[in-house]
Each structure stands twice: as C-alpha cells, then as structure tokens.
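Just so you know, these numbers use all the heavy atoms, side chains as well, and skip hydrogens, waters and symmetry mates. Here is how names work: the chains are called A, B, and so on, in the same order as the sequence lines, proteins then strands, and each is numbered from 1.
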Number of protein chains: 2
Amino acid sequence: MLNNITALGSNRLLNLLTDNCRQNLLTHCELVSINLDEVLCNLGDVIKYVYFPVEGIVSWEKKITDSPYWVVTLIGNEGMICISLLLGINERSCRAVVQKSGFALRIPATIFTQQVEQKPALSMILNRYANVMYNQALQIAACNLFHVIENRLARLLLMFQQRSQSDEINITQDKLAKMLGVRRVGVTKAAGSLQRKNLISYIRGSVIIHDIAGLKKASCGCYEADNATYNNMM
Amino acid sequence: MLNNITALGSNRLLNLLTDNCRQNLLTHCELVSINLDEVLCNLGDVIKYVYFPVEGIVSWEKKITDSPYWVVTLIGNEGMICISLLLGINERSCRAVVQKSGFALRIPATIFTQQVEQKPALSMILNRYANVMYNQALQIAACNLFHVIENRLARLLLMFQQRSQSDEINITQDKLAKMLGVRRVGVTKAAGSLQRKNLISYIRGSVIIHDIAGLKKASCGCYEADNATYNNMM
DNA sequence: ATTTCTATGTTTGTTAACGTACAGACATAT
DNA sequence: ATATGTCTGTACGTTAACAAACATAGAAAT
C-alpha cells in the first residue's frame, strides 16, 4: 500500500530524511484518506495520531476565549499535524480540520514519540519545523495588525494554491471570512476587487486563480516571508 | 556568587527542576546584570548564550519584512531567552532587548545544548515552555485582530506589572506604541481613558498602576488566557 | 535664564472595517 | 415545479484607528 505514496505525491518533511530513515518510519505509518470537514484532532483531545499530509489541506485553528473566532493557518504536504507531541504535549489547545480532501500518513502517538527519541535526524527536522510554525504564528500576528483584507485574502488564496498545487480552490467566501477573522461581506468586497484586477475569478463555492504572480503582488509580503522562513529553516 | 540568587528572586522555569538538577545546572550559569536597552541577542546572530531572567524584563521581537514594525512579547523570570536553541536552531529571527534592568542567569549555548541532551527533566520543562510561547504567539495574532488599543494597552501594562512585581513602569508612551504596533497618539488616547477610570496614572516616562483588578477588566481576555496557558502547561 | 530636546496632549480630515439588513442568484430536495 | 436553503452582491450608518500637523509641558544642557 505504501508504495502508492510516490504516485500520490509525498510529504516534504519526510522527504528530508535519509531513505533508510524514512523507509523505517513508513513501516509504522498508515496511509489514510482525509475528507473535507473531517476533524483530525479536536480541542482538549489527547493526541492519538500525528498526520503527515501527502495530498489535501488541513487548517490548524486556535480557539480564542470568549470569542467565536479562531486563529487559522493552513497545513499541507509541507508540514505535519500535532507537532506539539514532539514537545511532549499530548493534549491539544488547537484543532485540525480538513479543508481539502486528500491523503495523509498517520502514525500512532506512542510510536511517534518513540521514533523521535530514537532518531535524532527525525527530531532535528521536526524541531526545525516547530520553529517554522512559531515564526508563522508571529507573522500572522503582524499580518492581522497591518494588512488590509484584500492583501490578506490574496495571501490566503496563495497558501491554498501552493498546498493543493491547483488553481481552483473549492471554498465559500463565508469560510474564507472565518479563516481571516473578518465578515463575509469583507471577503466579497476584497474578492470582487481581485477579480476586477483579473487575478482571480469565482463562482458559488469556488475560486479560480488566474495570475499567481499578480496575486503575489496583491498580497502582503507575509506569504513570501513564510516561504522564506520555511526554506531557510528546512 | 550564585547564592545571591535566592536574595534576588529566581527563575520560575528553573524552579520547576528538582533541587539536584537545578544545582547542577547552576554550576554552569553565570549571574549577569541586564541593563535597559541592552540587546541580549540580535537578528541573525549566532546564539552565544541563553538567558534565564531572575529580575527585570526583556522584550522578544520579530522583525516584519518591508515594515518598520516588530511583533513584541515580554519575558521575565517566568521564561527564558533564546528558547529556539532547544530546537537546535542557533541563528535568530528575533531579537531580545532589555526593557527593565535586572539580572539573569546566563549559560553558554554549547553547554546549554549538552545539558538539554543529558537532562530529560530539563528538556521536558523547556519543551513545554516552547509550546507556551507558540500559543502566546497565536494569542497575539487574535488580540491584534479583534481588540481595541485600550484593551491591548491594559494587557501590556499588566504584563509589565506581573513580570516586574512593581506597580510603577518606567516607559514612554512612544515605546508602548511601538510594542503594540500603533501610533503614539493612539496610546495617549487609551492611556488617558484608563487614567480617567482611575486604573492608572502617569507622568513623563512612567506609568503607575492603581487598580490591578480593574485593569484586568479593562483588558481583553488575552492576559488571563496567556496566564492560563502557562499555568496549564507548566 | 534661556535654549533645546523629549514627552504628552489635541485637532482635523480620511479610511478600512464593522454590524445589520435585504435582495438576487444558484442548488438541491421533495 | 416549487420550495427551501445556501451563496453572493449591495447598501447604510457607525466606529476605531490612521496620517499629519501643531501645541504644551517637563527635563536637561549651556
């Protein structure tokens, strides 16, 4: 079964391991499909599995006390879900929800913990990824403060595009608004503006990106900054 | 020299270690004074030392590309500086600046790395602290998006108060504004409002907190949320 | 004592985003 | 075919924060 992975694509974190090390880890992995709106781990759950997405997109969301809002970032095959287990924290303050169906490699938490202890190469790579996540969180903080909705929407669309390798994003404006922490009306306005600039077009429930380079210009520098952080660190 | 530490106060992270483990670590520590505006580690520096503040306050700041702004959080004796070394990252994307003079325990990076490898108890505690920092970053992201300046200022003042154990904060409105990522005028207005509510008073270069409970009510929930995260995790 | 610098206070107009409401368009189910 | 639900478009008044400019006041220096 695991031989199919190459056909599907693969996980960029695991790709950084030596062939030997990766093969050994993969024997403990199970390839599972992840489906839209599936909750991979919920608030307060004890972590049962960690996931390395191979295809598809997962949102990583932190609940904010006394508020209906969640801080959101997206994770695809460049990352993993439940990295905090690396730090020995096995109860979650965040949840993970599938935003685009696909596949992921799943490892039971106990085995993952053992593997990390036994394989310095693995823990080194995941440590670096944890630091990427931290810097991304600070980037979101700045982005939320300084950048207008249109820029932030452009950034979010690019994040979808990058993680799905597809120019069509199946999502409603309402969901985009929740991810950005703004009103749906705000997204309608921003999306309309991006469309008028011929960067995207959209219909009910799906956005099509026409001009990635243009969209990058229309986004804030945070998209590129996140990528730079990832590339430097990994 | 190190016996003086108890007289000065101590670091809450190190306090979580067993006496044996802490004593052993302290033999590698040097107690140094940290002075206002001193830069403990700068952008792009290779990390030479990690610091465990005992007294005083240090700001932890991430530069945002193409912008004069920095995302800022405060670290006192509840935390440490350059936690990323724990993750094996020895070059910094953040800087640390002393905001209130005091003292810190300092350990050379190489020795710190060794100690972390040798002492599971130490690495466990610091791993948990790293997770606290991550959650704090996400909290800042939400706070920046949803909360008005007055709430955010109240939160920042409480963070100073908590970390200095003093109701007098020696800082200008201009510096506060930079930390919040807003204009100085915005701080003047918010501070004036807090003063009119008899929660604080201030003169040139210093703020005095009169009513901590009231200030907590005037702040957003983020102050308490951060504390809750810390207490749960540690 | 006067000057200079720094910190705080206030004003004016502008803007991005808010809350709320409603209308039209499309999709699905019965 | 009709009804119901979901998604998108638009409008109106409100607000927090912005940018820029200027005024006042305390501290430090000469």
Report task. Would you mind listing every salt bridge (charged side-chain N to carboxylate O under 4.0 Å, His left out) that reaches into residues 198-215 of chain A, with sequence neighbours excluded? Result -> none

Nearest whole angstrom, please: distance from the [atom2] of [N] to the [atom1] of [X].
{"X": "Asp174(B)", "N": "dT8(C)", "atom1": "CG", "atom2": "P", "value": "8 Å"}
{"X": "Asn144(A)", "N": "dC18(C)", "atom1": "CG", "atom2": "P", "value": "11 Å"}
{"X": "Leu176(A)", "N": "dA17(C)", "atom1": "CG", "atom2": "C1'", "value": "17 Å"}
{"X": "Ile171(B)", "N": "dT6(C)", "atom1": "CD1", "atom2": "P", "value": "17 Å"}
{"X": "Asn170(A)", "N": "dA27(C)", "atom1": "CG", "atom2": "P", "value": "13 Å"}
{"X": "Leu145(A)", "N": "dA16(D)", "atom1": "CG", "atom2": "C1'", "value": "13 Å"}

Query raised in the report: What residues in residues 191-210 of chain A put a non-hydrogen atom under 4.0 Å from any atom of DNA chain D?
Result: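 Within this stretch, Tyr202(A), Ile203(A), Arg204(A), Gly205(A) sit under 4.0 Å of the strand.
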
What side-chain donor-acceptor pairs closer than 3.5 Å can you find for residues 227-234 of chain A, not counting sequence neighbours?
| unit_1 | atom_1 | unit_2 | atom_2 | d |
| --- | --- | --- | --- | --- |
| Asn227(A) | OD1 | Gln162(A) | NE2 | 3.1 |
| Thr229(A) | OG1 | Ala225(A) | O | 2.9 |
| Tyr230(A) | OH | Glu78(A) | O | 2.7 |
| Asn231(A) | ND2 | Asn227(A) | O | 3.2 |
| Asn232(A) | ND2 | Ala228(A) | O | 3.4 |

**Report entry** Salt bridge flag under 4.0 Å for residues Arg155(A) and Asp226(A)
**Finding:** yes

Query raised in the report: Closest heavy-atom contact between Val72(A) and Ser59(A)?
Result: CG1-CB, 4.0 Å

Report summary line: Letter by letter from the 5' end, nucleotides 17-22 of chain D scores (B base, S sugar-phosphate only, - none; protein heavy atoms under 4.0 Å) SBB---

Show me the side-chain donor-acceptor pairs of residues 131-147 of chain B shorter than 3.5 Å, one per line, residues at least two apart or across chains.
| unit_1 | atom_1 | unit_2 | atom_2 | d |
| --- | --- | --- | --- | --- |
| Tyr134(B) | OH | Trp60(A) | NE1 | 3.2 |
| Asn135(B) | OD1 | Lys62(A) | NZ | 3.1 |
| Asn135(B) | OD1 | Ser93(A) | OG | 2.9 |
| Asn135(B) | ND2 | Asn131(B) | O | 3.0 |
| Asn144(B) | OD1 | Arg152(B) | NH2 | 3.2 |
| Asn144(B) | ND2 | Ala141(A) | O | 2.9 |

Query raised in the report: Is there a side-chain hydrogen bond (donor to acceptor under 3.5 Å, both in side chains) between Thr188(A) and Gln173(A) once you walk through the steps?
Result: CA-CA 7 Å; Thr188(A) 301; Gln173(A) 295 188 352; 2.5 Å; yes

**Report entry** Derivation of the side-chain contact (heavy atoms from CB on, under 4.5 Å) call for Leu74(A) and Val58(A)
**Finding:** CA-CA 6 Å; Leu74(A) 297 183; Val58(A) 178; over 6 Å; no

**Report entry** For Arg106(A), salt bridge (Lys or Arg N to Asp or Glu O under 4.0 Å) partners two or more places apart
**Finding:**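 Applying salt bridge (Lys or Arg N to Asp or Glu O under 4.0 Å) to Arg106(A) gives Glu30(A).
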
Report task. Taking only the side-chain nitrogens and oxygens of Gln173(A), find out if one of them lies under 4.0 Å from OP1 or OP2 of dG9(D). Result -> yes

